[in-house]
Participant: 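Before we start, here is the structure in question, set down as structure tokens.
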Amino acid sequence: MNSEELKVLIEDARVKKGISQRELAKQTGISRSTLNDLINGKIKKVDIDDLRKIAETLDMSLQKLLKVAGYDEMLFYFNKDKYANKSSKDLKELIEQYKKSEIDLLDFDSQKRRKISDARQKLFYTMEHLQIMKDNKDSQYTIDKAIEDIKYAFEELEFAEHKYDYDKLPKQN
């Protein structure tokens with residue numbers, strides 16, 4: 001374990017976050033004395049859960065803390081993970097981006113379904129009226145109205161033929 005490097009990593013992140021060691025201890029649930037001993041290199045094998053709490057509180061990469069704390073065997077598993085070097089803050093932001101894109105996709109799908117339904121309904125009524133016109137010359141429905149209704153349905157269906165814009169999805173790093 002490189003206690004000096006661990007101290008620098010934690011202290012730099014703590015200062016950047018603008019909180020005291022006391023506040024860090026409070027937010028992580030780690031006792032002040034344990035946190036102080038950890039930062040000052042008095043603890044030779046740091047608890048992984050304490051590192052996780054510190055990483056989450058300070059928006060740091062847990063992978064970096066594990067490496068400096070001497071948990072090289074854990075890094076083998078992280079290296080296979082495309083999110084390994086992300087802080088908990090980065091991961092939370094990514095989750096929010098995915099939620100937003102999911103809502104956007106669902107909204108797109110809802111609009112598409114509504115437009116298709118509207119167009120089908122308009123076409124159904126147009127067919128019904130045309131059949132009435134064919135059977136009964138006295139219908140108030142006109143060819144001009146039929147053309148107008150078909151144009152409306154055609155325009156509604158145009159939206160449905162477009163694919164979702166996948167560029168709106170979060171970018172993969």
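Because only heavy atoms are used, hydrogens play no part in the values below, and waters and symmetry mates are left out as well, while side chains stay in.
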Participant: Is the shortest side-chain heavy-atom distance between Leu38 and Ile54 below 4.5 Å?
Facilitator: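 A side-chain contact exists here, since the closest heavy-atom pair is under 4.5 Å.
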
Participant: Is Lys44 reaching over with its side chain to a backbone N or O of Gly41, donor-acceptor style, under 3.5 angstrom?
Facilitator: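 At least one qualifying donor-acceptor pair exists.
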
Participant: Cluster partners of Tyr152, using ILVMFWY side-chain heavy atoms under 4.5 angstrom, listed by chain and number?
Facilitator: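 Members besides Tyr152: none; it forms no cluster.
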
Participant: What salt bridge (Lys or Arg N to Asp or Glu O under 4.0 Å) pairs are there with at least one residue in residues 46-58, not counting sequence neighbours?
Facilitator: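 For residues 46-58, and leaving out neighbouring residues, the salt bridge (Lys or Arg N to Asp or Glu O under 4.0 Å) pairs sorted by first residue read Asp49-Arg52, Asp49-Lys53, Arg52-Glu56.
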
Participant: Answer yes or no: does atom CD of Glu161 have more than 12 heavy-atom neighbours from other residues, nucleotides or ligands under 6.0 Å?
Facilitator: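 Yes, enclosed.
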
Participant: Is any NZ, NE, NH1 or NH2 atom of the basic residue among Asp149 and Lys145 found under 4.0 Å from an Asp or Glu carboxylate oxygen of the other?
Facilitator: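 Answer for the salt bridge query: yes.
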
Participant: Which pairs of donor and acceptor atoms, one on a side chain in residues 8-19, lie under 3.5 Å apart (sequence neighbours left out)?
Facilitator:
unit_1: Glu11; atom_1: OE1; unit_2: Arg14; atom_2: NE; d: 3.4
unit_1: Glu11; atom_1: OE1; unit_2: Arg14; atom_2: NH2; d: 2.7
unit_1: Glu11; atom_1: OE2; unit_2: Arg14; atom_2: NE; d: 3.2
unit_1: Glu11; atom_1: OE2; unit_2: Gln21; atom_2: NE2; d: 3.2
unit_1: Arg14; atom_1: NH1; unit_2: Ile19; atom_2: O; d: 2.7
unit_1: Lys17; atom_1: NZ; unit_2: Thr57; atom_2: O; d: 3.2
unit_1: Lys17; atom_1: NZ; unit_2: Asp59; atom_2: OD2; d: 3.0

Participant: Do any pairs count as a salt bridge (Lys or Arg N to Asp or Glu O under 4.0 Å) and have a residue in residues 21-40, sequence neighbours left out, and if so which ones?
Facilitator: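 Output for this query is empty, none listed.
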
Participant: Against Leu6, only a single residue in Ile39, Asn40, Ile43, Val46 fulfils side chain to side chain contact (heavy atoms under 4.5 Å, CB included); can you say which?
Facilitator: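 Going through the options one by one, the only one that passes is Val46.
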
Participant: With sequence neighbours excluded, tell me which residues meet side-chain contact (heavy atoms from CB on, under 4.5 Å) with Asp109.
Facilitator: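 Arg113.
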
Participant: List, one per line, each side-chain donor-acceptor pair under 3.5 Å for residues 115-132, sequence neighbours excluded.
Facilitator:
unit_1: Thr126; atom_1: OG1; unit_2: Lys122; atom_2: O; d: 2.7
unit_1: Gln131; atom_1: NE2; unit_2: Asp135; atom_2: OD1; d: 3.2
unit_1: Gln131; atom_1: NE2; unit_2: Asp135; atom_2: OD2; d: 3.3

Participant: Is there a donor-acceptor pair closer than 3.5 Å between any side-chain N or O of Ser110 and the backbone N or O of Leu106?
Facilitator: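 No; judged by distance alone, with no hydrogens or angles, the pair does not exist.
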
Participant: Got Ile143 and Met133 here, is their nearest side-chain heavy-atom distance under 4.5 Å?
Facilitator: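 Ile143 vs Met133: side chains touch.
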
